[in-house]
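Contents: one structure, followed by commentary.
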Protein chains: 2
Amino acid sequence: MASVESFIAECRIKGIKLTGQRRVIAQVMVEGQGHPNAEQIHADAAHQHDRISLATVYRTLRVLRDAGMVIEHAFPDGRCHYELAGRPHHDHLIDKESGAIVEFCDPEIERLQQAIALRLGYRLTGHRLELYGVRAR
Amino acid sequence: MASVESFIAECRIKGIKLTGQRRVIAQVMVEGQGHPNAEQIHADAAHQHDRISLATVYRTLRVLRDAGMVIEHAFPDGRCHYELAGRPHHDHLIDKESGAIVEFCDPEIERLQQAIALRLGYRLTGHRLELYGVRAR
DNA sequence: GATCATTTGCGAACGGTTCGCATCTTGGAT
DNA sequence: ATCCAAGATGCGAACCGTTCGCAAATGATC
């Protein structure tokens, strides 16, 4: 998902009605980085659109999530954080001191998770792996 | 933590004041099984004590958690679930259909998590690993 | 048993998220 | 370009799990 344009195009293809607010939220998600929560997205969006409510941010994120265009993570700060879907799969390491979020992917862990689920008699449909740590000195 | 008695004894050692309500909650945690949430603990406790509020359950669980005697998990149903601490470390596989929670432990995954954190320049202080799946037919 | 810090129940508050509703906007059809 | 139905928006209230404030009750220590 390189550009706002292609994101908007995908919305159209998926039958998601486009409004001024939604375009702004799309831009914030595509051009922003990291794993913002709804409040941060709202703040960024408000910067470009003077008439956008937090409720609309939540509603739009839900629409995008249900369309598979955005991924929602319930992080342990008690809020949901959002990121663009379609990027390579990864998990998260969360810096307990700064709150910084580092992405990583380990094929070996992914493989093991499959194996464990299978061993327990389950078909894996998803997983959540978060590491918490502090910078090593 | 085999018995309610030893749990109570540990409370005394740790300076946790014992009340009727706390004894009942201790019993529910020690003799119950699984990963109940506060509401379920409250329901079980109310069965043995006719004067126990949900607020007390939360307060007691917090005391026990802070004392390291109970572990709190924020599962994706939006509630916190509790289990006795001191048992061997494990992670959880959650049945997306029934809500059943299966415990597992994989030393290899534990080792990999350490290695990943280190590789990213962090000292691991904790982790959360949940697998979601459905029964394989 | 008296004392005093702690704990309790109650109901209100909290924080993130969702909802209800009246109003406004969008996008397809004309 | 204009109209219209379907759908989106802002606002504030509601929601839900959890926490808090307070006056009353209880437990550990003497």
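Using a 4.5 Å heavy-atom threshold, the side chains of B:Val24 and B:Gln21 count as separate. Residues B:Asp91 and B:Leu131 are not in side-chain contact: their nearest non-hydrogen atoms beyond the backbone lie 4.5 Å or more apart. Side-chain contact between B:Val28 and B:Gln48 is present, with at least one heavy-atom pair separated by less than 4.5 Å. Side-chain contact between A:Val30 and A:Ser6: absent, with no pair of heavy atoms (C-beta onward) separated by less than 4.5 Å. At least one side-chain heavy atom of A:Leu18 sits under 4.5 Å from a side-chain heavy atom of A:Ile8.
The interatomic distance linking B:Asp66 (CG) with C:dT7 (C1') rounds to 16 Å, in whole Å.
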When you compare the protein's N or O atoms with those of nucleotides 26-30 of chain C, which come within less than 3.5 Å of each other, and at what distance?
| unit_1 | atom_1 | unit_2 | atom_2 | d |
| --- | --- | --- | --- | --- |
| C:dT26 | O3' | A:Leu18 | O | 3.0 |
| C:dT26 | O2 | A:Lys17 | NZ | 3.3 |
| C:dG27 | OP1 | A:Leu18 | N | 3.4 |
| C:dG27 | OP1 | A:Leu18 | O | 3.3 |

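Among residue pairs with one or both ends in residues 85-114 of chain A, those qualifying as ring pair (Phe, Tyr, Trp, His ring centres under 6.0 Å) are A:His35-A:His92, A:His73-A:His92, A:Phe75-A:His92, A:His89-A:His127, A:His90-A:His92; sequence neighbours excluded.
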Would you mind building the protein contact string for nucleotides 10-18 of chain C? One character per nucleotide, 5' to 3', B for base within reach (heavy atoms under 4.0 Å), S for sugar-phosphate only, - for untouched. B-----SSB
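With B:Tyr132 as the aromatic partner, A:Arg128 does not meet the cation-pi criteria of under 6.0 angstrom to the ring centre and within 45 degrees of the ring axis.
In this structure, the side chain of A:Gln40 engages the main chain of A:Asn37 through a donor-acceptor pair within 3.5 Å.
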